[in-house]
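FYI, side chains are in, hydrogens and waters are out, and symmetry mates aren't considered; it's all heavy atoms of this structure. Proteins get letters first, then strands, A, B, ... in listed order; numbering begins at 1 in each. Here the structure is a predicted model, which is why all the values come from computation and not from measurement.
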Amino acid sequence: MTETTDSRIRVERYDPIAIEPRWQARWGELGLHDTDLDDTSKPKYYLLTMYPYPSGDLHIGHWYIVTPSDALARYRRMHGYNVFFPIGFDAFGLPAENAAIRNGGHPFTWTMSNIENMRRQFKTMGATFAWKNEVVTADPSYYRWNQWLFLQFLKAGLAYRATSAVDWCPNDGTLAREQVEGTDRHCWRCGALVEKRDLAQWFLKTTAYADELLRFDGIDWPEPIRIQQTNWIGRSEGAEIDFAVAADDHQPGGDTLRVFTTRPDTLFGATFMVLAPEHPLVERLTDPAHLAEVAAYIAQARRRTEIDRLSTDREKTGVAIGASAINPVNGERIPIFIADYVLSGYGTGAIMAVPAHDERDFAFATTFGLPIRRVIAAEGVDAVAPLDMAYIAHAAGDRLVNSGPFDGLSAAEGNAAIVALLAETGAAEPKVTYRLHDWLISRQRYWGTPIPVIHCPTDGIVPVPDEQLPVRLPETVDYRGSGENPLDRDAAFLDVTCPVCDGPARRETDTLDTFIDSSWYWFRYLSPHDDDAPVDGPMVARWTPVDQYTGGAEHAVMHLMYSRFFTKAMADIGLMTEREPFKRLFNQGQILGADGERMSKSRGNVQDPDELVQRYGADTVRLFLMFMGPWDQGGPWSPTGIGGVHRFLNRVWTLVIDAHGREPGDPESGSLPAGESETVARATIRGAAHRTLRDVSLDYDAFRFNTMVAKLMELANTLFRYRGTSVAGGPEWDEAIRLLLLMLAPAAPHVTDELWSRRLSAAGAPWASIHTQSWPAVDVAATAEATREVPVQINGKLRDKVTVATDVDAATLEAVVLASPKVVAALAGRTPLRVIHAGGGKLVNIVVRDGSSLEIA
RNA sequence: GCCGGGGUGGCGGAAUGGCAGACGCACCUGACUCAAAAUCAGGCGAUCGCAAGGUCGUGCGGGUUCGAAUCCCGCCCCCGGUACCA
C-alpha cells in the first residue's frame with residue numbers, strides 16, 4: 001500500500017498475527033491460567049470440558065468445543081472465582097493401534113505426537129487451561145491408578161469374571177462393534193467372516209447401583225439426558241414365575257422354567273411359552289424329532305439377531321421344541337417354543353406368552369396359529385369375542401376375565417393376588433429387572449490399561465500386589481500386521497511367578513475399556529503427580545463435584561453413566577463422600593463437515609483451524625464459532641460469515657485506536673445525528689453500553705454466546721455512529737469503550753488485552769491485564785429510557801406505533817393511541833369494544849367487532 | 001417402531017403468549033478512489049401499488065386466545081440415539 005493523504009492510512013491496523021503470540025506468551029509468564037488449588041480466599045469454580053481423544057484428525061470441532069468453555073472460564077475469573085479449568089488427553093484406544101498396525105511404530109509415539117500438536121493448537125487459540133494439571137491416560141502414572149481402582153473394586157466385590165461372547169475374527173482376534181462390517185458380518189481389515197466366541201471376561205457391577213443411578217439428587221442436568229439414562233437403565237417391576245416342564249416321551253419333566261413378567265395379572269392368558277434360542281434348557285428339553293429343526297434355528301438366530309436388527313417389525317420366527325410347560329395357576333399344558341424375539345440377556349431368557357395382551361406374542365400366535373385368550377376386558381366387552389390386536393392399554397374399568405377365581409378383580413388387584421397365591425408355594429416372587437447390564441470392561445487389545453491379575457494354576461486368579469503396580473505395557477510391541485493382541489505372545493510380559501505360591505503363572509492379557517480412564521480423570525486433575533494415592537481426599541472434598549461440565553450429547557449414556565457409577569463406587573471404597581461427579585451439565589452440539597457428515601480424515605471434510613488462524617487470527621475464529629448459532633446446536637461447518645466477525649473486531653479496533661477519525665466515504669461522518677443534542681447523544685451512548693452489559697451478562701450465564709456477540713456488535717454499531725463527533729472521546733464514550741472491551745475480553749482475549757494495555761499506557765496508568773479485571777457492574781439508572789415506542793394493534797394486527805413517556809399512565813397512553821390518525825383511520829368510525837394494555841402497556845390492542853361499523857356507531 | 005431434538009428470508013440465525021426476521025453472510029445502490037480492493041453509508045420476506053399503503057407469510061391441517069413462530073390436538077418431513085427388554 002502506498003502512502004497517500006488519507007488520514008486513515010496512518011492509523012495502525014489491527015494485526016492479530018502480530019499481537020496474539022505476544023499475549024499468549026505474556027499470559028504464560030504471568031501464570032494467568034495456573035490455578036492455586038489451595039487458595040480458599042475466593043469461591044471455587046471447577047469448569048470441566050470433556051478431554052479430547054488425540055486422534056490426529058485435529059479440526060475445527062475441537063475449537064468449537066473448547067472456545068466457549070474458555071470464554072466461560074475467563075468470565076468466571078472476572079467474577080472473582082478461583083477457576084480450575086484443566087485439560088488432558090484420552091490417550092488409549094483403537095485408532096492409535098490401527099495406525100501402529102498400518103504404519104509400524106508404536107501407538108505411544110503416534111499418540112504423543114498428536115498430543116504435542118494439540119497442545120500447540122490449544123495454545124494458539126489462547127485457551128486458559130491449567131496445563132500443570134494435565135493428565136495423559138496412557139502414562140503409567142495415570143493408568144497405574146486404573147489398576148489400583150480395579151483391584152479395590154475386585155476386593156469390594158464390584159468386579160467379577162464371567163463368560164461372554166465377543167465378535168471374533170480368525171486373523172485379527174476380537175473385534176470392536178465398529179470393526180464388523182456388512183450384512184455378512186466380515187472383518188473390516190481382512191474380510192474374513194466374523195464369528196462369536198465365548199471368552200472369560202471381566203465385569204464391573206454397574207447394576208448394583210441401578211436404583212441410585214435413577215435418582216439425580218442434587219444435580220442439575222438437562223432433562224433429555226436424564227430421560228435417556230433412565231430409559232437406558234430400564235427399570236421394570238414385575239415378578240418371576242416358575243413353570244414346571246411337563247413329562248414327555250423323550251424326557252421325564254420336572255425341570256423348572258422361570259419367566260419374568262411385568263404382567264402376572266395376565267397369567268391365565270398364557271397360551272404358550274417362548275425361550276431364547278440360547279436358553280440352557282433348550283438342548284435337554286428338545287424332542288429328538290424336532291432336533292434338526294431346532295438346531296438349524298439356533299444357528300440361524302446367532303447370525304440373524306445381528307443381521308436384521310433394523311427390522312423390528314419383521315415377521316416373527318421360531319420353532320416348537322416338542323415339549324410343554326405347566327401353567328402354575330391352572331395346571332394347563334402349554335407348548336414351548338424358541339424364538340429370537342426373546343433375548344437371553346434380559347430377564348430369565350424365557351417368557352410366558354400372553355398373545356391377547358402383548359403385541360409381540362400376538363404376532364407370534366397369529367403366525368403360528370396359537371390360541372389367543374383374553375383375560376383383561378373393559379366393562380361391557382365380550383370376554384370371548386376374538387381380538388384383532390393385542391389389548392395393552394389399561395382403562396380404569398378393566399377387569400380380569402377368564403381367570404378363574406380372580407375374575408372381576410382389577411388388573412392391579414389381580415396382579416397382587418396372583419403373585420401372592422403363587423408365592424405361598426415359592427412358585428413366584430416379586431422381581432425388579434433392569435435393562436442395564438453389568439459393564440464388560442475386558443478388551444483383547446494392547447493399547448489400554450493391563451488388567452492387574454495373574455492366573456496361577458494353583459491359586460487361580462491372583463491380584464497383582466499393590467507394590468508391583470503399575471503393570472506396564474511392554475515398550476516394544478510387535479503387531480505382525482494383524483489386529484491380534486500382541487500381549488498374548490509376549491513371553492516377557494506373560495510369564496510371571498505367582499505372588500502367592502511363587503510357582504510359574506501367566507499374566508492376564510486383557511486390558512481395560514478406555515471408558516474406565518474417562519470415568520474418574522477429573523478427580524486426578526486435582527493431584528496429577530501424586531504417587532501415593534489415586535486422588536487427594538481433601539482436594540476432592542474442596543473442589544468436587546465439578547461445577548460445570550461441558551461436552552457432546554453423544555455421551556449421554558455411556559460416559560456420563562459410567563462416571564456416575566465410578567463416583568459412587570469410589571465413594572463406597574472410602575475415597576470420597578461425594579456421590580455425584582458433575583453438578584451441572586451442558587451438551588454442546590457437534591460441528592460436522594461441510595457435507596453434513598462427521599469430520600474425519602478419511603472423508604476429507606476436515607477443516608483445519610490453523611489455516612483460519614493464520615488468515616484471521618485466533619480471536620476471529622473464536623468469536624465466529626460462538627456467533628455461528630446456539631452452542632447446543634452444532635451443525636455443518638461453513639466459513640461463510642467469518643469475514644463479518646473479523647470486520648467487527650476491526651471496527652472495535654478502530655473505535656478504540658481512532659475515536660476521532662472520520663469516514664471520507666460518509667458525508668454525515670463527524671456530525672451528530674440530525675436534531676440530536678450532545679446531551680442526548682451522551683445519554684444514548686451510556687444507555688446503550690449499560691443495557692448491553694445487562695443483556696450480555698445474562699447471555700454468558702445462559703451459554704447464549706451467539707446473541708452475546710450480536711449485542712456487542714450492536715453496541716459497536718451505535719458507537720460507530722458517534723465516532724468523530726463532539727461526544728467521541730468524552731467520558732461516556734470512554735466508559736462505553738471500557739465496558740465493550742471488558743465484555744468482549746472472555747471471547748476475544750488477545751485483541752482486548754492489546755487495546756486495554758494501549759488505553760492504560762495512553763492514560764499513563766500502569767499496565768494490568770484485562771483478564772485480571774473485575775466484571776463491571778450495570779448502572780441500572782443509565783439503562784432507563786425517557787420515551788418508548790408502543791405498538792398499536794387493531795384486532796391483533798399492527799396498525800401504528802406511538803411514542804410516549806416511559807412512565808406514561810394507562811389513561812394517557814390510551815388517549816394518545818386513540819388520537820393517532822392512523823388508528824382513527826383504521827377504526828373507520830367503529831367503537832372499540834375493548835382496549836387491551838398488554839404487558840403493562842408494552843403493547844396496545846384495540847378490539848372492535850368485525851363487519852359493519854354503522855351498527856355500533 | 002420407540003425415545004430425544006428440530007422445521008422461521010437466498011444462507012447462519014433472533015424472537016418461548018404481545019412489533020416476526022435482531023445480529024451477521026450473500027446480494028443491490030451510493031460515497032471515497034484514476035480504478036479496483038478495502039472502508040463507510042443506505043437498501044434487502046413474498047406480493048399488489050407511482051406512492052401512501054394494502055394483502056399474505058414461521059413444515060401442513062384444525063383448535064384455544066383480544067393476540068400464536070411460541071400453547072393444545074392431528075399429520076408430514078429432517079437429525080441424533082436405540083433396537084422386539086416380556
field: Criterion side chain to side chain contact (heavy atoms under 4.5 Å, CB included) on A:Tyr722 and A:Glu676, from CA distance to verdict
entry: CA-CA 11 Å; A:Tyr722 292 97; A:Glu676 191 168 306; 2.4 Å; yes
- prompt: Donor-acceptor pair, A:Trp653 side chain versus A:Asp15 backbone, under 3.5 Å?
  reply: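 Not confirmed, A:Trp653 side chain does not pair with A:Asp15 backbone.
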message: For nucleotides 41-59 of chain B, give me one character per nucleotide, 5' to 3': B if any protein heavy atom sits under 4.0 Å from the base, S if the only such contacts are to the sugar-phosphate, - if neither.
response: S-----------SSSS---
message: By the 4.0 Å heavy-atom rule, please label A:Ile227 as base, sugar-phosphate, or nothing.
response: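 Sugar-phosphate contact only.
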message: Is there, by distance only and without an angle test, a donor paired with an acceptor across the side chain of A:Lys711 and the base of B:C23 below 3.5 Å?
response: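 Under the 3.5 Å cut-off, the side chain and the base do not form any donor-acceptor pair.
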query: What residues, two or more places apart in sequence or in another chain, satisfy side-chain hydrogen bond (donor to acceptor under 3.5 Å, both in side chains) together with A:Ser563?
result: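 side-chain hydrogen bond (donor to acceptor under 3.5 Å, both in side chains) check on A:Ser563 returns A:His559.
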query: Got A:Ile376 and A:Arg263 here, is their nearest side-chain heavy-atom distance under 4.5 Å?
result: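 Yes, close enough: below the 4.5 Å cut-off.
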For [N], does OP1 or OP2 lie under 4.0 Å from any side-chain N or O of [X]?
{"X": "A:Arg647", "N": "B:U39", "answer": "yes"}
{"X": "A:Gln633", "N": "B:G13", "answer": "yes"}
{"X": "A:Arg834", "N": "B:C66", "answer": "yes"}
{"X": "A:Tyr434", "N": "B:C85", "answer": "no"}
{"X": "A:Asn231", "N": "B:C2", "answer": "no"}
{"X": "A:Thr654", "N": "B:U39", "answer": "no"}

- prompt: Taking the nucleotide of RNA chain B with the closest heavy atom to each, which residue, A:Arg704 or A:Gly234, is nearer the 5' end?
  reply: A:Arg704
task: Tell me which of A:Gly643 and A:Gln228 sits closer to the 5' end of RNA chain B, going by the nucleotide each one is nearest to.
output: A:Gly643
message: Rounded to whole Å, please give me the gap between NZ in A:Lys842 and C1' in B:C19.
response: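 After rounding, the gap between these two atoms is 10 Å.
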- request: Nearest whole angstrom, please: distance from the P of B:G24 to the CG of A:Leu712.
  value: 12 Å
field: Nearest-nucleotide pick for A:Gln793, side chain only, options being B:C85, B:A20, B:C84
entry: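 Shortest atom-to-atom distance from the side chain points to B:A20.
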- request: Begin with the C-alpha distance, continue with both residues' side-chain angles, and end with the deciding distance and a verdict on side chain to side chain contact (heavy atoms under 4.5 Å, CB included) for A:Asn795 and A:Val847.
  value: CA-CA 5 Å; A:Asn795 286 346; A:Val847 186; 3.9 Å; yes
field: Ring centers of A:Phe272, A:Phe368 separated by less than 6.0 Å
entry: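 Centroid distance A:Phe272-A:Phe368: not below 6.0 Å, so no.
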query: Is B:G53 syn or is it anti, if syn means the base angle is within 90 degrees of 0?
result: anti
- request: Before accepting this row, confirm whether a basic side-chain N of the pair A:Glu429/A:Arg258 lies closer than 4.0 Å to the acidic partner's carboxylate O.
  value: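 Yes, A:Glu429 and A:Arg258 are salt-bridged.
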